[in-house]
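What's counted below: heavy atoms across the whole structure, side chains too, no hydrogens, waters or symmetry copies. Just so you know, residue 1 is the first one in the sequence shown, and it goes up from there.
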Amino acid sequence: MAITASMVKELRERTQAGMMDCKKALMENDGDMEKAIAYLREKGLAAAAKKAGRVAAEGAVESYIHMGGKIGVLVEINCETDFVANTDTFKNLCHDIALQIAAANPLYINKEDVPAEVLEQEKEILRAQALNEGKPEKIVDRMVEGRIKKYYDENCLMEQVFVKNPDITVGTLVNEATLASGEKITVRRFTRYERGEGIEKKVSDLAAEIAEMTKK
């Protein structure tokens, strides 16, 4: 299997291992991301991944209100101890992630959280779009794979570009915080509210209203 730069980048973001180590891990495991992570852990090269099995039950619930009350966010972010939870660094992380959710409106935390039926429906839509664009059948599946990655990048919090630093993803931001604190840090859940969302708004037809009034 061909190892792409995006695969190496993803593995580096998830493990903080060196670029060459990530490339080698992927090559040794035929591009399987989870096996590559396990490989790096066995070699002692995956700093952030080493903490993956630890329990993070402390932390904070952060709130953020934006645009004069138009958007509100609640997010729970966990760490391992109260000590880390009370640091300015952790509090800033919580604020930044709440800000990210308000600005970028993710639907899921990780790409693994996307329901299988949602993913299959998205693939069907993308495949139909590619065929309607006149793309050859033999490259359609490759195009769908690329567009699914874009779907993850847009809709999964950990895959999104960080709004305050477009050079990194939110996943990288959390991994860096994990390394800096020495504790496992995870985003557990979030809720985003937008004023008027889900309410069917009545659209006023001013011309029709005036015409109706003149009949009386």
Quiz item: Is there a donor in the side chain of E154 and an acceptor in the side chain of Q160, or the other way round, less than 3.5 Å apart?
Solution: no
Quiz item: Quick one: does V75's side chain get under 4.5 Å of R189's, heavy atoms only?
Solution: no
Exercise. Would you sort out whether T169 and L173 count as a side chain to side chain contact (heavy atoms under 4.5 Å, CB included), showing the intermediate values?
Key: CA-CA 6 Å; T169 64; L173 179 71; over 6 Å; no
Quiz item: Is there a side chain to side chain contact (heavy atoms under 4.5 Å, CB included) between M158 and V174 once you walk through the steps?
Solution: CA-CA 8 Å; M158 292 296 119; V174 173; 4.1 Å; yes
Exercise. Check for a donor-acceptor pair, side chain of D32 on one end and backbone N or O of K35 on the other, with a separation under 3.5 Å.
Key: yes
Self-check item: Single-linkage hydrophobic cluster V161~L157, side-chain heavy atoms < 4.5 angstrom
Solution: no
Quiz item: Mind checking what makes ring-ring contact (aromatic ring centres under 6.0 Å, His included) contact with Y64, not counting sequence neighbours?
Solution: H66, H95
Quiz item: Hey, are the side chains of D96 and F162 touching, using non-hydrogen atoms and a 4.5 Å cut-off?
Solution: yes
Practice problem: Not counting sequence neighbours, which residues clear salt bridge (Lys or Arg N to Asp or Glu O under 4.0 Å) with E194? List them please. | Solution: R192
Quiz item: Between D113 (side chain) and N110 (backbone), is there a donor-acceptor pair under 3.5 Å?
Solution: yes
Self-check item: Close side-chain approach of I37 to E34, heavy-atom, < 4.5 Å
Solution: yes
Quiz prompt | Pair T87, T89: side-chain N/O donor-acceptor within cut-off below 3.5 Å | solution = no
Self-check item: Spacing of CD belonging to E62 relative to CG belonging to L99, to within rounding of 0.5 Å
Solution: 10.0 Å
Quiz item: When rounded to the nearest 0.5 angstrom, what distance separates OG1 in T81 from CZ in F90?
Solution: 9.5 Å
Quiz item: Can any side-chain N or O of N165 pair as donor or acceptor with the backbone N or O of D167 at less than 3.5 Å?
Solution: yes
Self-check item: Side-chain ion pair, K111 and E122, N-O less than 4.0 Å
Solution: no
Quiz item: By the rule that ILVMFWY residues connect when side-chain heavy atoms come within less than 4.5 angstrom, directly or transitively, which residues belong alongside L107?
Solution: Y108, V114, V118, L119, L126, L131, V140, V144, I148, Y151, Y152
Quiz item: Where the side chain of N78 meets the backbone of T186, is there a donor-acceptor pair that is under 3.5 Å apart?
Solution: no
Quiz prompt | Pair T178-E183, side-chain donor/acceptor within less than 3.5 Å | solution = no
Quiz item: Which residues satisfy the salt bridge (Lys or Arg N to Asp or Glu O under 4.0 Å) test with E159, sequence neighbours excluded?
Solution: none
Exercise. Supply the members, apart from V61, of the Ile/Leu/Val/Met/Phe/Trp/Tyr cluster built from side-chain contacts under 4.5 Å; use none for a lone residue.
Key: L74
Quiz prompt | Results of salt bridge (Lys or Arg N to Asp or Glu O under 4.0 Å) for K91 - residues two or more places apart only | solution = none
Quiz item: Can any side-chain N or O of T172 pair as donor or acceptor with the backbone N or O of I168 at less than 3.5 Å?
Solution: no
Quiz prompt | Value rounded to 0.5 Å, distance of CD1 in I71 from CD1 in I101 | solution = 12.0 Å
Practice problem: Check for a donor-acceptor pair, side chain of E58 on one end and backbone N or O of C79 on the other, with a separation under 3.5 Å. | Solution: no
Practice problem: Taking the side chain as every heavy atom from C-beta outward, state whether E10 and M7 have any pair of such atoms under 4.5 Å apart. | Solution: no
Self-check item: From CG (L11) to OG (S6), nearest 0.5 Å
Solution: 11.5 Å
Self-check item: Stepwise side chain to side chain contact (heavy atoms under 4.5 Å, CB included) test for M143 and R147
Solution: CA-CA 6 Å; M143 289 182 63; R147 291 178 181 181; 3.2 Å; yes
Quiz item: Do other residues, nucleotides or ligands put more than 12 heavy atoms under 6.0 Å from the CD atom of E145?
Solution: no
Quiz item: What heavy-atom pair brings A103 and V163 nearest, and what distance separates the two atoms?
Solution: CB-CG1, 4.1 Å
Quiz item: Going by an N to O cut-off under 4.0 Å, is there a salt bridge joining E76 and R188?
Solution: yes
Quiz item: Is the backbone of A36 close enough, under 3.5 Å, to the side chain of E28 for a donor and an acceptor to pair up by distance?
Solution: no
Quiz item: What is the distance from atom CD of Q100 to atom CG of L93, rounded to the nearest 0.5 Å?
Solution: 11.0 Å
Self-check item: Interatomic spacing from NZ in K24 to CG in L40 - rounded to 0.5 Å
Solution: 10.5 Å
Practice problem: Find out if a path of hydrophobic residues (ILVMFWY) with successive side-chain heavy-atom gaps under 4.5 Å connects Y39 to M33. | Solution: yes
